A.B. asks: 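Sharing a structure with you now.
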Amino acid sequence: MRLSDYPVVFTTDSNYFFSCNAKTIRIISVETGQVVRILSASTEDGGHADTITCVMLNPKNSLQLYSASLDGTIKLWDFNDAVLLKTFEVGTPISHMAIHEGAPSDVYLVVIKKSTKRFHKKQMWKSGGLVAKENSILVRYSLKSTRKRMIRLLSSRSCSGLVISSDGEYLVMTGRYKLHVIHIAAGDGIEQGTVSESDESRFRTYLTPNRIAAVAFHPTEGCIATGDERGRITLWYCFGKNVDRPVTTSMHWHAHKVASLAFTSDGNYLLSGGEESVLVIWQVSTGHKQFLPRLGSEIKHITISPDDSLYAMGHQDNSVNVIRAVDLKIKNSIQGLKLSHTDPINNPLLTGLVIEPRNGHVVLNGLPGTLQFYDPIKDQHIMELEVFPRNKVSRTYQKEIVAPRVMHVAFSNDKAARWMVTVDGRDDKMTTPELYIKFWEYDDDSHTYLLNTRVDSPHTKEVVSCIFNPRQGNQPPMVVTTSLDGTFKVWELTHQGESRRGIEAERAWSCRSTGFYRDMVPRAAGFASDGSLLAVAYDQIITLWNPYLNTLQGVLTQPPENRPIRHLTFLKNSPFLIAATSDHLYSWNLLTCSVWWSYQLKIDRLVASQTNSNFMVTCSNRVHGTAPQHRIMVFKPMDPKPIRIETVEKKLRAITFMPDATAAAKDVVEPILIMNHGFALEILGGRSVEELKAEAEEAAEKARAEALAAETKKSLMSDIFGKTAAADAAAATQQKKEKMQQQDTVASRGMVSKKNMVRNPLFDAPSHVMAPVSSLFEAFMGQLLTQGKAAKDEAKARKKALKQQKLEEAQQQAGAAGNTADTAIDIDMDDEAVEIVGVKEGGDDAIPSSLAKIFSARLSL
């Protein structure tokens with residue numbers, strides 16, 4: 001999802017905004033940040049065939065939207081129903097568009113036309129189409145069916161802005177160092193098509209010392225604001241008496257290019273932004289400045305809502321921040337795929353596409369030094385993890401800042417994905433290179449990964465692979481890294497110190513062992529599915545190791561010496577090992593230690609499935625005179641014949657399998673997730689995106705229902721005021737079921753035990769209706785402090801003996817025996833059941849009658 005390529009446009013009520021996203025238009029809610037509707041979803045339904053460059057509301061009807069595209073068409077949409085109303089064929093790519101409500105049938109366009117000069121054609125041929133001179137031509141296009149529908153006005157180089165005055169009198173176009181001001185409301189020359197650039201009464205051109213990057217028209221005054229590449233903002237008063245010699249005012253704060261300018265509707269404030277990631281609010285009359293710093297990324301576009309309550313800013317990291325104008329707080333932030341808007345040379349995709357086992361999200365490089373967690377099914381940003389902390393500062397002068405890079409990321413193989421390992425570093429070619437291995441643990445409270453251990457300079461040279469041991473059970477997790485320094489290292493989680501007083505000892509990662517093979521350099525590594533075997537590729541040799549003992553188990557060699565192994569992977573629940581060189585694919589059977597089959601193929605990538613034994617490779621296929629094509633082939637380990645082939649145009653940047661439980665159960669090929677040449681994620685094969693979205697929403701709804709049920713089982717209200725009638729009925733039903741189950745179980749054993757019977761819920765009542773503790777204490781303690789059955793029998797025997805002695809001896813001994821009062825307890829124990837009965841001297845009741853009267857009186861109240 002590309003959000004910030006072009007400025008967004010608000011609806012008239014400021015509740016939604018339109019965002020150009022390649023060939024589609026997304027309508028996004030300001031309140032929730034969710035996409036509520038998509039326009040131009042497919043070319044078959046009348047959508048645009050190329051990138052949409054600008055959108056504008058119809059001045060006649062605020063429920064309709066105009067869109068212009070590089071496919072040379074203008075389309076009118078009813079965005080409430082997502083219905084295409086009309087298409088206008090311009091014939092040339094459109095880069096800018098402007099419409100005024102005073103003349104809604106006249107559209108001013110900037111179309112792109114490539115130079116036809118021989119010198120420029122030669123330059124384009126030498127660069128392979130990367131360097132091509134393009135001219136920007138300003139035309140007026142009539143939406144009415146007239147004889148002269150498109151009238152050419154002027155030509156310029158590299159148009160950077162097109163704005164029209166609030167009264168519709170003037171049109172301003174900027175290109176490179178020129179500011180073109182056109183008086184479009186003077187006379188009828190434009191209508192007749194006789195206007196010319198040489199007409200000084202209509203066309204005025206002003207030169208600037210620096211290249212113009214942004215332009216904005218004052219809404220109430222005859223003033224134009226321009227921002228240049230040196231960070232200077234200039235206000236041009238070039239209307240009325242100041243046509244020949246315009247009065248200019250300069251305002252300067254930005255250190256780099258001013259990327260965007262926007263006036264508020266009353267014209268009192270001017271908003272500017274650029275590479276500094278700071279929104280500057282200028283008070284036009286006084287020059288006073290207000291700042292909103294640390295926005296995270298360079299500001300590319302600024303749009304103000306019709307009611308001046310919101311500012312929408314498009315950033316370089318493919319995000320849109322909606323700011324409240326009252327307190328300058330972020331109301332909502334909509335984030336797309338960050339890598340799509342970074343420089344692929346300075347920030348390449350080194351991690352590839354890694355699937356997080358916990359939620360099935362894809363993890364990849366974000367901004368320099370960060371990782372982005374992204375949901376490819378919902379096309380939604382999940383979170384960003386800053387692996388290499390740094391201060392985001394702008395560059396000084398023209399010197400570029402060398403940013404850190406995250407080179408590898410891997411997750412533990414358990415479903416909880418408790419551990420994550422990253423490899424990052426920075427090398428500016430001037431100071432000592434930095435290299436780190438960092439181990440992260442998932443925190444359930446913050447729902448993110450927290451740094452557990454950082455290892456500085458784990459290897460002396462670059463790390464080429466980093467993998468987790470997929471073993472299961474109670475054994476500590478293990479990680480293996482290989483490096484160009486000729487070694488591989490085994491890292492394991494250990495306990496630091498001993499557990500004391502129930503507090504668990506701190507855990508940290510440390511190097512368990514180091515291995516090497518001759519003087520060769522390891523290129524790739526892989527673990528068997530049970531974690532008992534480690535394979536490390538040294539040039540054309542595959543070495544097999546015991547990762548726990550660090551002992552060499554065997555050596556496999558097959559390719560020629562001049563073709564080193566570039567990719568190596570084991571297959572899940574299979575004895576096969578797949579190795580790939582630059583032009584060959586090998587399937588090794590470790591049961592026979594021989595090559596099962598081989599395939600001559602130029603391989604770019606090799607990826608194994610995490611749910612079955614399938615694997616896939618990508619290869620480029622270019623025929624002379626045609627565009628290159630990339631093929632994706634899926635294999636089974638025992639058969640050299642592919643079970644699936646996909647063809648993708650242009651270059652593939654990354655590829656992986658999408659986790660799909662239904663595909664694993666049916667033993668079919670999983671969906672394939674790719675990143676295409678335009679840094680967009682696509683899902684090939686498997687179930688449709690709608691089905692995957694429905695399944696994800698159903699799982700999320702089920703999880704929310706379970707969480708809500710767990711919360712409603714016990715709450716603060718129920719603790720204070722007791723359970724509700726519905727809860728009591730449900731509890732009674734559940735107790736009845738449990739009682740029946742217990743009785744059935746005991747009956748099957750041929751006995752009934754009173755300790756397994758359901759207890760009388762004596763205290764299951766609200767606190768304000770229960771008897772006070774003082775009245776319960778005596779009876780409660782009387783039942784606790786009782787004696788056993790043997791004591792009772794002994795007391796009875798002693799009592800009888802004393803009575804007999806009383807008749808025979810004196811009155812004093814009989815009186816002493818008569819004052820004796822004891823408490824007895826009958827205990828009837830056997831191997832399977834225990835019966836406890838409390839007996840008082842005055843009767844055989846288990847619960848005192850006074851206690852029952854107190855409770856009955858309280859409950860009746």
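Not measured: the values here are computed from a predicted model.
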A.B. asks: Looking at Asp604 and Arg653, is there a salt bridge between them, counting it only when a charged N and a carboxylate O are closer than 4.0 Å?
C.D. replies: no
A.B. asks: Answer whether the closest heavy-atom distance between the side chains of Val363 and Phe411 falls below 4.5 Å.
C.D. replies: yes
A.B. asks: Among residues at least two apart in sequence or on other chains, which ones pass side chain to side chain contact (heavy atoms under 4.5 Å, CB included) with Val284?
C.D. replies: Leu235, Phe263, Leu270
A.B. asks: Got a donor-acceptor contact below 3.5 angstrom from the Asp456 side chain to the Glu434 backbone?
C.D. replies: no
A.B. asks: How far apart are the C-alpha atoms of Asn347 and Leu339, what are their side-chain angles, what is the distance that settles it, and do they pass the side-chain contact (heavy atoms from CB on, under 4.5 Å) test?
C.D. replies: CA-CA 8 Å; Asn347 187 36; Leu339 189 70; 3.8 Å; yes
A.B. asks: Tell me whether the count of non-hydrogen atoms from other residues, nucleotides or ligands lying under 6.0 Å of OH in Tyr269 goes above 12.
C.D. replies: no
A.B. asks: How far apart are the closest heavy atoms of Ala417 and Tyr442, and which atoms are they?
C.D. replies: O-CB, 4.1 Å
A.B. asks: Just by modelled atom types, is the Val8 backbone N or O under 3.5 Å from a matching donor or acceptor in the Thr303 side chain?
C.D. replies: yes
A.B. asks: Checking side-chain polar atoms at under 3.5 Å, does Thr264 have a donor or acceptor matched by the opposite partner on Asp308?
C.D. replies: no
A.B. asks: For Thr234, does its backbone N or O pair with a side-chain atom of Thr248 as donor and acceptor, under 3.5 Å?
C.D. replies: no
A.B. asks: Just checking, is any N or O donor in the side chain of His256 or Glu276 under 3.5 Å from an acceptor N or O on the other one?
C.D. replies: no
A.B. asks: Verify, without hydrogens or angle tests, whether Asp444 (side chain) and His447 (backbone) share a donor-acceptor contact under 3.5 angstrom.
C.D. replies: no
A.B. asks: Answer yes or no on whether Arg426 is positioned over the face of Phe388, meaning its NZ or CZ is under 6.0 Å from the six-membered ring centre and within 45° of the axis.
C.D. replies: no
A.B. asks: If you define the side chain from C-beta out and look only at heavy atoms, does anything of Ser265 sit under 4.5 Å from Pro219?
C.D. replies: no
A.B. asks: Please report the interatomic distance NE2(His254) to CG(Asp228), rounded to the nearest 0.5 Å.
C.D. replies: 10.5 Å
A.B. asks: Do the side chains of Ile330 and Asn332 get nearer than 4.5 Å, heavy atoms only?
C.D. replies: no
A.B. asks: What's the verdict on side-chain contact (heavy atoms from CB on, under 4.5 Å) for Phe657 and Val607, showing C-alpha distance, side-chain angles and the deciding distance?
C.D. replies: CA-CA 8 Å; Phe657 281 106; Val607 180; 4.1 Å; yes
A.B. asks: Between the side chains of Ser69 and Asp50, is a donor N or O closer than 3.5 angstrom to an acceptor N or O?
C.D. replies: no
A.B. asks: Using 0.5 Å steps for rounding, measure from the OG atom of Ser297 to the CE atom of Met313.
C.D. replies: 11.0 Å
A.B. asks: Give a yes or no on whether Glu384 atom CD has more than 12 heavy-atom contacts from other residues, nucleotides or ligands under 6.0 Å away.
C.D. replies: yes
A.B. asks: Taking side chain as C-beta onward, heavy atoms only, is Leu350 less than 4.5 Å from Asn365?
C.D. replies: yes
A.B. asks: Considering only heavy atoms from C-beta outward, does the side chain of Thr51 approach that of Asp5 to under 4.5 Å?
C.D. replies: no
A.B. asks: Is it the case that the side chain of Ser67 and the backbone of Val55 share a donor-acceptor pair, with hydrogens and angles ignored and the cut-off at 3.5 Å?
C.D. replies: no
A.B. asks: For the atom pair NE2 (His381) and NZ (Lys338), what is the distance rounded to the nearest 0.5 Å?
C.D. replies: 5.5 Å
A.B. asks: Could you check whether any side-chain N or O of Glu229 sits under 3.5 Å from a backbone N or O of Val258, counting only pairs where one atom can act as donor and the other as acceptor?
C.D. replies: no
A.B. asks: Any side-chain to backbone donor/acceptor pair from His48 onto Ala68? Under 3.5 Å, distance only.
C.D. replies: no
A.B. asks: Which atom names give the shortest non-hydrogen contact between Thr481 and Cys466, and what distance separates them?
C.D. replies: CG2-SG, 3.8 Å
A.B. asks: Mind checking the CD1-CD1 spacing from Ile674 to Ile655? Nearest 0.5 Å is all I need.
C.D. replies: 6.5 Å
A.B. asks: Restricting to non-hydrogen atoms, name the atom on Met173 and the atom on Cys159 that form the minimum distance, rounded to 0.1 Å.
C.D. replies: CE-CB, 3.9 Å
A.B. asks: Between Gln372 and Leu337, is any pair of side-chain heavy atoms under 4.5 Å apart?
C.D. replies: yes
A.B. asks: If you apply the rule side-chain contact (heavy atoms from CB on, under 4.5 Å), what do you find for Phe17 with Val30, and how did you get there?
C.D. replies: CA-CA 7 Å; Phe17 64 84; Val30 172; 3.8 Å; yes
A.B. asks: Using only atom types and a distance under 3.5 Å, with no angle test, would you say the side chain of His408 pairs donor to acceptor with the backbone of Val463?
C.D. replies: yes
A.B. asks: So does Arg232 have more than 12 non-hydrogen atoms from other groups sitting under 6.0 Å from CZ?
C.D. replies: no
A.B. asks: In Å and rounded to the nearest 0.5 Å, what is the CE to CD1 distance from Met658 to Ile377?
C.D. replies: 4.0 Å
A.B. asks: Ignoring hydrogens, what is the shortest heavy-atom contact between Ile112 and Ser95? Give both atom names and the distance.
C.D. replies: CD1-CB, 3.8 Å
A.B. asks: Run the numbers on Gln610 and Thr656 for side-chain contact (heavy atoms from CB on, under 4.5 Å), then give the verdict.
C.D. replies: CA-CA 10 Å; Gln610 298 299 320; Thr656 189; over 6 Å; no
A.B. asks: Parallel, tilted or perpendicular, judged at 30° and 60°: which one describes the rings of Trp491 and His459?
C.D. replies: perpendicular
A.B. asks: Name the residue from Phe468, Tyr449, Trp440 that meets the side chain to side chain contact (heavy atoms under 4.5 Å, CB included) definition with Trp419.
C.D. replies: Phe468
A.B. asks: For a quick test of reading the model, state the closest non-hydrogen atom pair linking Ser62 to Thr12 and the distance between them.
C.D. replies: CB-CG2, 3.6 Å
A.B. asks: Checking side-chain polar atoms at under 3.5 Å, does Ser160 have a donor or acceptor matched by the opposite partner on Thr174?
C.D. replies: yes
A.B. asks: Between OG1 of Thr11 and CG of Leu57, what distance do you get to the nearest 0.5 Å?
C.D. replies: 7.5 Å
A.B. asks: Asp375 side chain to His361 main-chain N or O, any donor-acceptor pair under 3.5 Å?
C.D. replies: no
A.B. asks: Is any side-chain heavy atom of Leu450 closer than 4.5 Å to one of Glu441?
C.D. replies: no
A.B. asks: Side-chain contact test, heavy atoms from C-beta onward, threshold under 4.5 Å: evaluate it for Ile52 versus Asp71 and give yes or no.
C.D. replies: no
A.B. asks: Could you work out, with ring-ring contact (aromatic ring centres under 6.0 Å, His included) as the rule, every residue matching Phe291, not counting sequence neighbours?
C.D. replies: Trp253
A.B. asks: Ignoring hydrogens and angles, tell me if any N or O in the side chain of Gln335 forms a donor-acceptor pair with the backbone of Asp317 under 3.5 Å.
C.D. replies: yes
A.B. asks: Taking all heavy atoms of Met407 and all of Asp424, pick out the closest pair and write down the distance.
C.D. replies: CE-C, 3.5 Å
